[in-house]
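Whatever order the structure lists ligands and atoms in, that order sets their numbers, starting from 1. FYI, side chains are in, hydrogens and waters are out, and symmetry mates aren't considered; it's all heavy atoms of this structure.
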Amino acid sequence: MPTPSFRLYNTLTGQTDPVEPAEPQHLRFYACGPTVYSYAHIGNFRSFVTADLIARTAEAIGWDVTFVSNITDVGHLTEDDVADAGGEDKMAKALRKEGQRFANVWDLARYFSDALITDWRALNLREPDVRPRATEHMQQQIQAVAALQEKGIAYETEKGVYFAVEQFPAYGKLSGNQAAEALAEGAAGQGRTTVQDPEKRDPRDFALWKKDAKHLMQWHSPWGWGFPGWHIECSVMATEYLGEQIDLHAGGEDLIFPHHECEIAQAESLTGKPFAKHWVHTRFLQVEGEKMSKSTGNFFTVRELIASEDEGGRGISPLALRMTLLSGQYRKPFNFTFDKLRDNAHHIQRIETVIQRVDAALQANAEGDDFVGERLDGLYERALQAMLDDLNTPEALAATIEGVKLLQGVGDELSGASAQSARQWLDKINDLLGIIRPQTEGEIADDATADPLAEKVEALLDERAEARASGRYDRADEIRALLDEMGIEVMDSSDGTTWRRKVSV
Ligand code: AMP
Ligand code: ZN
């Protein structure tokens, strides 16, 4: 059978390209995750759903998937749309506003990342294989900035370290945004506090490291106390877990510039190789025809929609919310409305009725011919082909709804082989679209919230202990040196071995 072609629009080429993993049938991709200064809203989740559907579609055609999605917990500033981002750190601002509820900014980050993961699971999103945090990859970010400086691509000023855009002629290849003047003007827009560093050589140059000994989250670096720019975390964490060249990179449309443009500049300057082959961007979600905004009262978090009415929420089924988010193709503008939510809640009820009938028929275990299998197979194929065609979710949902209506129509006649076919179809549609039933505990990867660096360190320490026990001291020393390079300090004592992350390089 020929390998099915999975086609996605690629912002880099401006056309719908086949997804071609470097290692055939193994998709390695990165999606920008949230900044954990508050609960994620339904717009954020529209972007996360796109990443989830990319993974599900690739898996549906038998590919392996390695999916990395980060958590931004430092360095994302309020005025992030211009080259030299400025304003306040979103994390620090949240703590200033919500200070009463949290002991410190770390506590706030932990609380909102836990909340994110809860909502992520409620919406049946596939767990990333790795969910790295920016604050836990500080050594790697500092090393990347230092390496750029050594290559003469980054330079230091009194305020920080900047990427010299002039040194990367391909800058602008993703966004087409090459006009230095436009960026400089952007920085001076209404109500902004961003002041361009006068020592910058070019208005397009963006910060890799901000010197700030007063910042709430700061690290020691070769340039003194400070914190990393927002863009460097994603290039560093993507290459750390997926390698220097990745198959695909996703995010919301607002990230095309400057975030993704800067990620490309950083990663490609460091490695000399093309970074991501495919760039996928989700159009913004609007609510009832307007930009979502707290001031107009049309701003919704996932949890306030799905919490029960007793808990002050709206009691919407998470599956209905997910189905609503799927009802628009990711690349088209999407208008989220309560009418759509109601319609999808009806579809979900219908699905639940069908599941009950199928379960009852399977339990009754009566004999019967398969009079639905062929038609259901055709409908699954239609849904899969739609997903392979640039994630055409409206068409995939239409095929699903047709299958559900078919099963509802046959009702009590379902038995034996037809009930088996119905069950298999529901399971396959669920794997593809995640709208049939909530994930069970067993389906949620245990290591979803694990700290990948800690796991790596523990594995190396185990190997070192074994090497020492068997007298292979050279290997033991080698591992210690490797850990040292990774920024890990190893402490041996009579009680055993412990380790910690070193604070400075
Ligand atoms: P942030 O927490 O601001 O870093 O955003 C996390 C992700 O959500 C990014 O990929 C954003 O591009 C995306 N995003 C933010 N707002 C929306 C929206 N209204 N519609 C779709 N995606 C969004
Ligand atoms: Zn990112």
With a 4.0 Å cut-off on heavy atoms, is [X] touching ligand 1?
X: H281; value: no
X: T72; value: no
X: H41; value: yes
X: L255; value: yes

- Item | Of the listed options A31, S47, S69, closest to atom 22 (N) of ligand 1 (non-hydrogen atoms) |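 Among A31, S47, S69, the closest heavy atom to atom 22 (N) of ligand 1 belongs to S47.
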- Name the option, out of A250, G252, G43, that contains the heavy atom nearest to atom 23 (C) of ligand 1.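 Residue with the shortest heavy-atom distance to the ligand atom: G43.
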Using a strict cut-off of 4.0 Å, indicate which atoms of ligand 1 neighbour a heavy atom of [X].
X: L285; result: 18 (C), 19 (N), 20 (N), 21 (C)
X: G33; result: 4 (O), 6 (C)
X: P34; result: 2 (O), 6 (C)

Test the [X]-[Y] pair against the cation-pi criterion, namely NZ or CZ under 6.0 angstrom from the six-membered ring centroid and within 45° of the ring axis.
X: K210; Y: Y162; answer: no
X: R201; Y: Y155; answer: yes
X: R126; Y: W120; answer: no

- Compute the shortest N/O to N/O distance between G251 and ligand 1 and return yes if it is under 3.5 Å, no if not.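 There is no such contact.
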- Message: Below 3.5 Å, N or O to N or O, backbone or side chain included: is there any such pair between T35 and ligand 1?
- Response: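 Right, the criterion is met.
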Which residue and atom name correspond to the protein heavy atom nearest [atom], and how close is it?
atom: atom 8 (O) of ligand 1; result: N44 ND2, 3.1 Å
atom: atom 11 (C) of ligand 1; result: D254 OD1, 3.4 Å
atom: atom 3 (O) of ligand 1; result: H76 CE1, 4.0 Å

- Message: For a quick check under 3.5 Å, do E261 and S175 share a side-chain donor-acceptor pair by atom type?
- Response: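 The criterion, which ignores hydrogens and geometry beyond distance, is satisfied for S175 and E261.
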- Message: Looking only at side-chain N and O atoms, does H278 offer a donor or acceptor that is under 3.5 Å from a partner on Y9?
- Response: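 No, because no side-chain N or O of Y9 sits under 3.5 Å from a partner of the opposite role on H278.
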Decide if the gap between the ring center of [X] and the ring center of [Y] is smaller than 6.0 angstrom.
X: F336; Y: F45; value: no
X: F102; Y: Y111; value: yes
X: H249; Y: H260; value: yes
X: H41; Y: F300; value: no

- Query: Using 30° and 60° as the class limits, which term best fits the ring planes of F257 and Y171: parallel, tilted or perpendicular?
  - Reply: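 Ring orientation, 0 to 90° scale: perpendicular.
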- Classify the ring geometry between H231 and H259 as parallel (under 30°), tilted (30 to 60°) or perpendicular (over 60°).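 Judged by the thresholds at 30° and 60°, the geometry between H231 and H259 is tilted.
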- Query: Near the Zn ion (ligand 2), meaning under 2.8 Å, how many protein N/O/S atoms are there?
  - Reply: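 For the Zn ion (ligand 2), protein nitrogen, oxygen or sulfur atoms under 2.8 Å: 3.
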- Does a side-chain N-to-carboxylate-O contact under 4.0 Å join K159 and E199?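 Salt bridge between K159 and E199, a charged N being under 4.0 Å from a carboxylate O: no.
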